[in-house]
Amino acid sequence: MKHNWIINYLLQSRKSDHPLIIGIDGLSRSGKTTFVHQIENELIQKNVRYHTFHIDDHIVERCKRYNTGKDAWIEYYFFQWDIEWLTNHFFLLMKERTMLRLPYYDNLKDVQKLQSVDLAEVELIIVEGVFLQREEWREFFDRVLFLDCPRKKRFAREDERVKTELEKFQTRYWKAEEFYMTKVNPIEKADFTIRT
């Protein structure tokens, strides 16, 4: 599937010397990573300098998002990332700074490690992840694409072992997704909605 029209539109939207910031939003297993790879391939062909951030690279340690005493869906939606820190040290700075220091999560060791990211000469920044249009972050994007995919289809894409944890989906993931779809209404807020 080609997305030349999207790329062309996005590049025409750039109105300053600052990089254009694009959000690829969508619920779990909606096809965000695949879509981003397709976009990246077209950017390479057009010689556009870009950098992609995956919001799940920046989740916090397990002790901060599990067994907190709050409902599981609240832990997932509100505690999975340090929302305030990312707002102040990532979203607020990525248009102005050529170098960022960000915490990257190491799943095996369950720790965050600070890494430097060089954004010098970058023309376009892609941020991919779930819940990107939450109130704290939406204003930082120049354009947002929302990938809309029915829950049944998304769940079918999960690993067979993961599918056995149905209660976790019901109490943690799906409740948070329902909150996001109802409270934030990302389909309406997005600049484009693409069915996947």
Side-chain angles (χ1 to χ4, degrees), residues 1 22-39 52-91 102-115 126-138 140-141 144-190 192-196:
M1 180 167 58
I22 307 302
I24 307 297
D25 188 17
L27 302 180
S28 177
R29 299 294 185 207
S30 59
K32 297 182 297 297
T33 303
T34 301
F35 185 84
V36 166
H37 287 323
Q38 293 169 349
I39 295 284
T52 300
F53 292 99
H54 302 279
I55 206 69
D56 276 349
D57 286 341
H58 309 290
I59 63 176
V60 298
E61 299 90 337
R62 290 184 188 95
C63 65
K64 296 179 181 176
R65 51 192 164 92
Y66 283 99
N67 303 313
T68 66
K70 301 288 186 182
D71 289 347
W73 76 267
I74 291 175
E75 292 177 330
Y76 178 49
Y77 189 83
F78 291 102
F79 302 162
Q80 185 89 349
W81 304 267
D82 187 333
I83 296 169
E84 184 177 355
W85 194 97
L86 288 173
T87 300
N88 293 324
H89 298 90
F90 175 48
F91 286 103
L102 298 175
Y104 280 77
Y105 180 67
D106 183 328
N107 185 53
L108 292 177
K109 296 181 179 177
D110 187 33
V111 296
Q112 287 185 322
K113 298 178 181 178
L114 281 175
Q115 297 180 25
I126 300 169
V127 182
E128 173 271 320
V130 67
F131 308 145
L132 290 185
Q133 295 183 88
R134 62 171 76 238
E135 180 182 359
E136 296 89 347
W137 295 346
R138 180 59 178 90
F140 299 109
F141 293 101
V144 175
L145 286 71
F146 184 81
L147 304 190
D148 187 23
C149 186
R151 177 186 292 171
K152 187 175 181 180
K153 188 174 180 181
R154 292 187 291 109
F155 187 64
R157 295 172 178 169
E158 294 286 354
D159 180 88
E160 290 303 319
R161 180 190 59 79
V162 174
K163 287 180 185 177
T164 63
E165 302 175 355
L166 185 59
E167 184 180 355
K168 186 174 183 179
F169 280 91
Q170 293 171 332
T171 60
R172 190 175 186 88
Y173 302 125
W174 292 345
K175 276 194 175 183
E177 291 176 354
E178 288 164 5
F179 174 82
Y180 184 60
M181 296 301 289
T182 304
K183 174 82 173 174
V184 176
N185 197 353
I187 292 176
E188 184 176 304
K189 288 189 174 181
F192 297 103
T193 297
I194 298 173
R195 296 282 291 182
T196 58

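What you see is a predicted model; the values in this text were computed from it and never measured.
Looking at heavy atoms from C-beta onward, Phe53 lies in side-chain contact with Leu102 at the 4.5 angstrom threshold. For the pair Phe155/Trp174, a side-chain contact is recorded, criterion being any heavy-atom separation below 4.5 Å from C-beta on. Within the 4.5 Å cutoff, side-chain heavy atoms of Leu147 are placed close to those of Ile24. The closest side-chain heavy-atom distance from Tyr173 to Arg154 is not below 4.5 Å. By the 4.5 Å heavy-atom criterion applied to side chains, Val60 and Tyr105 are not counted as neighbours. Using a 4.5 Å heavy-atom cutoff, the side chains of Val162 and Phe169 are in contact. Taking the side chain as every heavy atom from C-beta outward, Phe131 and Tyr76 approach each other to under 4.5 Å. Residues Asp106 and Glu61 have side chains not in contact (no heavy-atom distance under 4.5 Å, counting atoms from C-beta outward).
Counted within 6.0 Å of NZ on Lys189, heavy atoms from surrounding residues, nucleotides or ligands total more than 12; the atom is thus considered enclosed. No more than 12 heavy-atom neighbours from other residues, nucleotides or ligands sit within 6.0 angstrom of NZ on Lys183.
Counting only distance, with no hydrogens or angles, the side chain of Thr164 and the backbone of Arg161 share a donor-acceptor pair below 3.5 Å. Of the possible donor and acceptor atoms, none in the side chain of Trp81 sits under 3.5 Å from a partner among the backbone N and O of Leu86. A donor-acceptor contact shorter than 3.5 Å links the side chain of Arg62 to the backbone of Asn107. No donor-acceptor pair closer than 3.5 Å links the side chain of Arg134 to the backbone N or O of Phe78. Of the possible donor and acceptor atoms, one in the side chain of Ser30 sits under 3.5 Å from a partner among the backbone N and O of Leu27. For His58 (side chain) and Pro103 (main-chain N/O), a donor-acceptor pair under 3.5 Å exists by modelled atom type. Judged purely by atom type and a 3.5 angstrom limit, Gln133 uses its side chain to pair as donor or acceptor with the backbone of Pro186.
Note that CG of Leu145 and CD1 of Ile39 are 7.0 Å apart. Values are rounded to the nearest 0.5 Å. A distance of 9.5 Å separates CD1 in Ile22 from CZ in Phe192, rounded to the nearest 0.5 Å. One distance of note links NZ of Lys32 with CG of Leu132; it measures 8.0 Å at 0.5 Å rounding. With rounding to the nearest 0.5 Å, the separation of CG in Asp82 from CD in Gln112 is 7.5 Å. Atom CZ of residue Arg29 and atom NZ of residue Lys153 lie 14.5 Å apart, to the nearest 0.5 angstrom.
When all heavy atoms are compared, the tightest approach of Ser28 to Glu158 is OG-OE2, 3.7 Å.
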Phe140/Val127 under side-chain contact (heavy atoms from CB on, under 4.5 Å): CA gap, chis, key distance, verdict: CA-CA 11 Å; Phe140 299 109; Val127 182; over 6 Å; no
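Between Glu160 and Lys163 there is a salt bridge, since at least one side-chain N of the basic residue sits less than 4.0 Å from a carboxylate O of the acidic one. By the 4.0 Å N-to-carboxylate-O rule, Arg172 lies too far from Glu165 to be salt-bridged with it.
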